[in-house]
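Note sheet for the following structure.
Every heavy atom of this structure was used, including side-chain atoms; hydrogens, water molecules and symmetry mates were not. Remember, predicted model here, so these are calculated numbers, not experimental data.
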Amino acid sequence: MGNFIACIGAGLGWCCCSASASLISSCCGNDKPSTIAPGLHSGRKRSVLLLLISIGLSFLYQYWVGPALKPMYANDLNPVLAYLSEAWLEGCEQYTLDHNENSTLIFTNDDLDRLEVQREKCSGNHGVYRVAGSAFLFYILAAIAAFCKPTANRQAWPAKFVLFFLLVAGTLFIPNEPLFSPILMNIFRVGGFIFVVFNQLIILDIAFNVNEHFVEKADKAELDEGPGTGKKWLGAILFSCAFLILASLVSIGVMYHYFGSCSDNNAFITITLVLGIGLTAVQLLSGEEASLFTSSCIFAYSTYLLYTAVGRNPREKCNPQLGQDNNIGGIVLGLVVTLLGMAWTGYSYTAHRAVGERSDESAMLQHNHDNNERQHQHQHDQGQQDPKKTTGRNRVTGLVVVNHDHRRQRKNNNNNADDDEEEDYATTNNGPNQDGHENTPIPQSFSNSWKINMILSLICCWYAMSLTSWGSVTGGGGNIANPSAGRGSMWMIISSQWLMNFFYLWTLIAPKLFPDREFS
């Protein structure tokens with residue numbers, strides 16, 4: 001009986017392990033042999049999955065691990081716990097009672113509670129820097145690898161996930177100073193600034209696609225259902241534009257009421273209002289360079305950045321949110337922007353336009369054409385008319401196009417659909433194949449570009465700043481504990497908003513100023 005139960009247990013264990021391995025393999029990607037090259041959208045979705053995991057781990061480090069390591073653990077008999085407490089509290093000593101015990105001030109219970117909240121906020125922020133820093137380093141290394149070898153974007157994903165988790169685990173034992181604060185914190189601020197400007201391209205690309213989709217729906221309805229039936233789709237566009245513009249104007253009015261007690265806040269709000277209305281007017285007069293929907297999206301994005309900037313003002317009379325334990329609204333809006341950038345990077349079929357890359361589809365078509373030309377030329381030179389002599393398996397390091405009959409056979413054998421995509425989009429090495437003619441690599445495209453990883457590294461910087469209020473420490477109902485950080489982040493956000501609006505203005509007027517140049 002015991003052997004029977006043991007056999008059942010072993011069988012169930014084997015089934016669970018196999019299912020878990022299959023699930024992990026499907027998420028992380030199989031480690032293909034060198035004869036199978038990257039797929040049409042190789043590595044993009046897996047890169048976004050890793051970034052999504054890093055955001056979840058950041059919440060774990062910020063709201064559980066960091067606050068759990070209290071100052072009293074520094075004298076714990078457990079050496080590991082004592083070391084972790086010291087490492088995570090380094091740079092946060094001013095928010096502990098031990099640091100203020102020699103002060104002449106008399107601390108009330110409210111003061112002690114405020115110090116405790118600020119200490120947890122400080123250690124939690126450093127927890128975010130640990131995870132975001134690991135992801136940032138991972139994507140920088142991935143960008144270097146993809147620059148040197150484009151196939152690196154799809155290779156060895158199980159090993160890449162293991163490397164990332166080891167980096168995150170290793171940061172547990174690294175002291176806060178100087179790596180995480182101030183080095184990484186300032187890197188994240190600069191990266192967040194760059195992402196704010198670059199995110200304009202993401203919003204414009206999405207807005208153009210949505211506007212074009214609705215116009216196509218309207219045209220199709222006019223053809224299929226008769227005149228006047230497409231007005232509902234055009235009405236949906238106008239409704240969306242009106243909603244975004246109205247929401248922006250109402251939000252600006254609310255900010256005048258709550259954040260308008262200071263001259264600098266009033267200036268920021270007024271400039272944003274003028275820019276929003278002015279850019280919309282310029283767009284309406286510029287012709288077909290943009291659409292009303294894109295202008296309304298940019299206006300709404302500028303209003304969000306305005307709210308983020310005035311919410312960083314370190315003066316209490318200028319900022320009614322100052323001292324709140326958590327700015328839930330700001331965190332949620334920041335995550336929405338983060339997820340929007342992630343979805344665009346991983347799933348958009350027009351993302352290549354924003355970074356000056358070729359689309360994967362056009363690169364593949366060009367490669368097919370070049371291969372056919374070379375094959376015909378080779379058959380003509382050699383006097384070979386039998387296409388079977390030109391078949392054979394090459395050693396693959398980049399993009400190959402396989403026979404479509406072979407692809408159908410693979411599908412009929414119930415192989416993974418991703419494998420078909422991987423084989424269909426590969427690059428062959430330079431050098432002769434079995435028939436002696438040369439195969440040239442496919443032109444660079446978005447999916448095998450190092451720019452994907454650089455975009456994701458900027459998103460790491462942005463979400464790190466969104467979760468940590470750009471490095472400021474607040475909470476406990478008091479003033480901001482590090483006002484210089486709040487003031488610096490306020491100016492970085494509002495200046496990035498101005499720069500972003502300038503670039504949008506340039507896209508509107510440049511084709512008119514230089515009609516002989518191509519700006520598409």
Side-chain angles (χ1 to χ4, degrees), residues 54-76 78 80-101 103 105 107-134 168-169 171-185 188-189 311-312 314 316 319-332 334-335 463-486 489:
S54 73
I55 295 176
L57 291 176
S58 295
F59 277 109
L60 180 67
Y61 273 36
Q62 183 177 21
Y63 293 106
W64 185 67
V65 178
L69 294 172
K70 301 182 182 297
M72 61 182 178
Y73 294 150
N75 299 321
D76 196 272
N78 187 334
V80 176
L81 185 59
Y83 176 80
L84 288 176
S85 179
E86 291 181 358
W88 280 65
L89 291 176
E90 188 174 8
C92 303
E93 296 88 352
Q94 64 268 35
Y95 311 120
T96 61
L97 183 60
D98 293 340
H99 178 79
N100 296 279
E101 62 182 358
S103 174
L105 298 176
F107 288 93
T108 64
N109 290 333
D110 291 339
D111 294 330
L112 296 178
D113 292 339
R114 175 177 54 82
L115 286 175
E116 178 66 13
V117 171
Q118 291 176 348
R119 193 271 309 166
E120 292 181 355
K121 177 70 173 178
C122 179
S123 58
N125 285 356
H126 286 92
V128 175
Y129 301 152
R130 283 170 163 82
V131 180
S134 300
V168 174
T171 58
L172 283 168
F173 303 95
I174 301 177
N176 293 339
E177 295 181 340
L179 179 60
F180 301 114
S181 178
I183 295 177
L184 268 180
M185 181 178 66
F188 288 155
R189 286 175 177 169
R312 303 280 81 78
E316 187 174 5
N319 187 0
Q321 295 181 344
L322 198 63
Q324 292 183 2
D325 293 350
N326 286 303
N327 183 7
I328 303 299
I331 293 176
V332 171
L335 287 177
Y463 91 72
M465 292 293 93
S466 298
L467 295 182
T468 62
S469 299
W470 287 74
S472 60
V473 177
T474 59
N479 297 332
I480 189 170
N482 48 349
S484 60
S489 61

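Of the possible polar contacts, one joining the R130 side chain to the T171 backbone as a donor-acceptor pair under 3.5 Å is found. Listed for the Y463 side chain is no donor-acceptor partner under 3.5 Å among the backbone atoms of S58. Panel note: side chain N319, backbone P314; no donor-acceptor pair is recorded below 3.5 Å. Of the possible polar contacts, one joining the S85 side chain to the K70 backbone as a donor-acceptor pair under 3.5 Å is found. In this structure a side-chain-to-backbone donor-acceptor pair under 3.5 Å is missing from N176 to S181. Of the possible polar contacts, one joining the R189 side chain to the W470 backbone as a donor-acceptor pair under 3.5 Å is found. Judged by distance alone, the side chain of W64 and the main-chain N or O of F59 form no donor-acceptor pair under 3.5 Å.
Heavy-atom minimum distance, F188 versus A464: CD1-CB, 3.8 Å. Minimum interatomic distance between L69 and L84 (heavy atoms only, all atoms of both residues): CD1-O, 3.9 Å. A pairwise comparison of heavy atoms in G66 and R119 identifies O-NH1, 3.8 Å as the closest pair. The two residues G91 and C122 make their nearest non-hydrogen contact at O-SG, 4.1 Å.
Contacts of Y129 classified as ring-ring contact (aromatic ring centres under 6.0 Å, His included), with partners at least two apart in sequence or in another chain: H126.
Interatomic distance, Q62 CD to L57 CG, rounded to the nearest 0.5 Å: 12.5 Å. Here the CE atom belonging to M185 is positioned 12.0 Å from the CG atom belonging to L179, to the nearest 0.5 angstrom. For the atom pair F173 CZ and W88 CH2, the distance stands at 10.5 Å (nearest 0.5 Å). The distance from the NZ atom of K121 to the SG atom of C92 is 12.0 Å, given to the nearest 0.5 Å.
The side-chain heavy atoms of S123 and Y61, taken from C-beta on, include no pair separated by under 4.5 Å.
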